[in-house]
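A short write-up of the structure that comes next.
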Amino acid sequence: KILHFLKKFFLSKNVPGVSTGFFSLLLALEENPDSTIIISGISMKEGGHFFKKKKQFNNRARIDQFLIHQMKDEYKKRIFTTDLDQSKKLGLSYFLES
């Protein structure tokens with residue numbers, strides 16, 4: 001998967017991007033340094049995201065997942081999710097258990 005990511009990033013003309021939801025999460029962490037961030041409705045799951053051109057954004061979900069796993073623990077411990085599956089898959093705290 002890492003080789004695939006590197007090939008896409010360096011050899012492709014179309015660089016896969018991070019989702020706007022992930023950028024929103026980073027902004028919330030930056031603007032609220034002393035707060036817990038609760039994410040709801042921001043899914044980092046592949047598929048099921050369709051727009052006018054009916055294009056799936058699987059690559060963005062994969063990149064979001066990769067970046068969450070690479071995120072420093074000091075930021076990750078401040079993020080809670082209302083999605084139990086996402087909590088387990090990404091190692092985020094589940095909001096309803098706190």
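Only heavy atoms go into these numbers, but all of them, side chains included; no hydrogens, no water, no symmetry mates.
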Quiz item: What distance do F95 atom CZ and S87 atom OG have between them, rounded to the nearest 0.5 Å?
Solution: 12.5 Å
Quiz item: Ignoring hydrogens and geometry, is there a side-chain-to-backbone donor-acceptor pair from D64 to S19 under 3.5 Å?
Solution: yes
Practice problem: Kindly determine whether I38 and R78 satisfy side-chain contact (heavy atoms from CB on, under 4.5 Å), including the steps that lead there. | Solution: CA-CA 8 Å; I38 301 168; R78 294 178 37 218; over 6 Å; no
Practice problem: Quick one: pull up CZ in F22 and CD1 in I68 and give me the separation to the nearest 0.5 Å. | Solution: 4.5 Å
Quiz item: For atom CD of E30, is the number of surrounding heavy atoms from other residues, nucleotides or ligands below 6.0 Å larger than 12?
Solution: no
Exercise. Kindly indicate whether the side chain of L67, heavy atoms from C-beta on, has any atom under 4.5 Å from the side chain of R62.
Key: no
Practice problem: Compare all side-chain heavy atoms of I37 with those of Y75 and state whether any distance is below 4.5 angstrom. | Solution: no
Quiz item: So how far is it from M71 CE to F66 CZ, rounded to the nearest 0.5 Å?
Solution: 12.0 Å
Quiz item: Is there a chain of hydrophobic side chains (I, L, V, M, F, W, Y, each step under 4.5 Å between heavy atoms) that links L27 to I79?
Solution: no
Quiz item: What are the two closest non-hydrogen atoms of L84 and Y94, and how far apart are they?
Solution: N-CE1, 3.4 Å
Quiz prompt | Note, L92 side chain near I39 side chain (heavy atom, < 4.5 Å) | solution = yes
Quiz prompt | Side-chain touch L90/Q86, heavy atoms, less than 4.5 angstrom | solution = yes
Quiz item: About how many Å separate CG of L96 and OG1 of T81, when rounded to the nearest 0.5 Å?
Solution: 9.5 Å
Quiz item: Looking only at heavy atoms, which two atoms of H69 and K76 are closest? And how far apart?
Solution: CA-NZ, 4.1 Å
